Structure formats: structure tokens, C-alpha cells
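Working notes for the structure below.
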Amino acid sequence: MKPHILQLNPILIPAINDKLAQRYTVHRLFEQSDKDAYLREHGASIRGVITGGHTGIQRDMMEKLPALEVVAVNGVGTDAVDLEYARSRKLPVTGTFGALTEDVADLAVGLLLATCRGICSGDRFIRAGNWVRYPQPSAIPLARRVSGMRVGIVGMGRVGRAIAARLAAFGCPISYTDLRAMDDVPHTFVGNLVDLARQSDALILAAAADKAEGIVNAEVLKALGPQGYLINIARGRLVKEDDLVAALKAGTIGGAGLDVFVDEPNVPEVLFGMDNVTLQAHRASATHETREAMGELVLASLEQALAGKRPEFSLTT
Ligand code: 8YV
């Protein structure tokens, strides 16, 4: 009999779905209208869960799965998983570490370029027929140079390092903050986030949100200043979103490029009208290549755990 797996989010790579279906009986919870009833009916048979980084899984759902042996996160963020409870049950919680690094770093740089150079607002200007209507060059304000910007990176893990490598090639001096300075990183460590913001033209968030909720607040944004840009490809909850909206409204910061939000898919509507803000719908890892690599790691983690081995990418066991 094939092991039963509970899938909380869709996977968009057909080859991965085919492999899952060959190996497992897959229960697609995201397709069920009455999820509680579905869990009551099938919960006892479930040996593995696949969830997304943003969705995670909380204790109350894990409690409905008494035979659970593994939670495979199709992502790197585990802030939405009750890790403590998973540890108490000796459940491996795995991530797709390394698979999405390059794409997430690419989008961070893309958001910085798009925001500072007005790429999306320029695109909207043309599509709205405004170039013909207002052909004078002054119709579009001058942009902000990215090359050479002083960049501050919050979180010098895999993604932070990949962003630093890219922006170093743009001639950007790189500083960073993290829980501690790192010996194997050639960039300048700044222990305090307000200080980092003060000395940066662009602050890029690449930190895990497990213990860093709301670290970017009004004080940090004020330190970043009216010529400073905030880029977030990590988690919305790293930022006090009300403080960010207030700073953008007041011009306390220069602009923002945001892939993640506190209450996705709800984005503060006041941002929709701001040309100095670039918005993405949590897309940093959403390429064919990365999602396929992530899917393969999810498959490997399930296979290892259900064979009674410690999964290579387990965070909890
Ligand atoms: C995931 C993410 O790709 O890795 C993460 O933590 O937030 C995302 O980029 C997403 O959860 C898809 O499963």
C-alpha cells in the first residue's frame, strides 16, 4: 500500500506531481471545501505533509495527524511551522535549502533596479498611452542610480550572500547585520539594525522571520531616510507594515520593492498608487527551474523520512 501524504498547497510542476502520485496516495487538502471534515476522515492515515514556506503547519493540524512522520516544507522559511511541537514529537521538518537561493537573490536585485529606475512605472506610463500624450522628457522624473549604492543586507545566510555577490558586481559597498559577524564573509558587519539603515542607501531583507518579527520599524525606516530604499524578499512580518506605509506616505524613505507582505494576499491598497513602490505577489522562487529543484528535494525528504532515515535537510531532528 502506498503511504498517504497530505498536500497543503499546489505544486506547479507536472513532473513532480506525477512522481508524487506514483509513490504516494496524495490527499490534496487545498482542493477540499470542508477541510476539517476531510482531516477527520483521512487524518489517521497521513504519514507525511507537504506544505509551502508561507503556509507552514500549526500544532492543531499536526495533532489531527497521529501517524505523521515528516513535514516537508516546499520552501526555506519554517517560521509558519510549530517547530517546538514538531520537536516534541521528534518529527523531521525539512526545507528546500539551497534550491531557491539564486532566484530569490535575482528578484531582490530586480526589485531594487525596478524601484530605483522606475521600470514598472515607466512601463505603466507607456501602456497608458502617456508617452504620446506627454512626449517631453520631464514627464518622467529622473531615477536613482543603483550602481555604487551602499547596500545593507539583513540576514547573511545563503540568500543574503547571493544578493551581496550580485550587488558587489554593481560596485556596491556591502554591509550586513545578523546575529553575529561571520568570518567567511568579506563584507562589513554592523551589529545594530538602525546603524545599518543609517549608513545604507538600500536595505535588503533576507532574514528568517522566526525570531525577527517587526524588526524593521519606524525608527529603522527613519534611519534609512528619504533617499533610502527598502527591499523585502524574505517575510512580510519582518516589517511593521503600518510603519512602512506611513514612511512611504510621508516620504520618510525613498521607495520600496516588496515581494512579501504581512497578510498575503492582502496588500495595503494605498501602495497601489505609489510609483516609488514595486510590488510582487510572493514570486521570488517562482521559476520553472527552482520549483522543479524544490520539488525534487521535497520528494527526497519524504522518501528518506518514510524509509526511517533522518532526512538530510531536517531542521528538527
Ligand atoms: C516558497 C517561501 O517558495 O521558501 C519560502 O519560505 O516563502 C517561498 O518562496 C513558497 O512557500 C512556495 O512553497
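Counting starts at 1 for both ligands and their atoms, following the listed order. Here the structure is a predicted model, which means the values were calculated and not measured. Residue numbers count from 1 along this sequence.
Salt-bridge formation is not detected for the pair Arg89/Asp82: no Lys NZ or Arg NE/NH1/NH2 atom is positioned less than 4.0 Å from an Asp or Glu carboxylate oxygen. A salt bridge links Arg166 with Glu102; the closest basic N to acidic carboxylate O contact falls under 4.0 Å.
Which parts of ligand 1 touch His282 is read off a 4.0 Å heavy-atom cut-off, strictly below it: atoms 2 (C), 7 (O), 8 (C), 9 (O). Taking every non-hydrogen atom of Gly52 and a distance limit under 4.0 Å, the qualifying atoms of ligand 1 come out as 11 (O), 13 (O).
Using cut-offs of 30° and 60° for the angle between ring planes, the His27 and His42 rings count as tilted. The aromatic rings of His54 and His282 sit perpendicular, their planes meeting at an angle over 60°, well past the 30° parallel limit.
The N/O atoms of Val76, backbone and side chain alike, include one that comes under 3.5 Å of an N/O atom in ligand 1. The N/O atoms of Gly75, backbone and side chain alike, include none that comes under 3.5 Å of an N/O atom in ligand 1.
Residue Asn9 places every heavy atom at 4.0 Å or more from ligand 1.
When side chains are defined from C-beta on, Leu258 counts as touching Leu244, because their heavy atoms get closer than 4.5 Å.
Side-chain contact, Asp103 with Thr290: a donor N or O sits under 3.5 Å from an acceptor N or O.
Ranking the protein heavy atoms by distance from atom 12 (C) of ligand 1 puts Asn74 O, 3.4 Å first. If you check which protein heavy atom lies closest to atom 11 (O) of ligand 1, you get Gly53 N, 2.8 Å.
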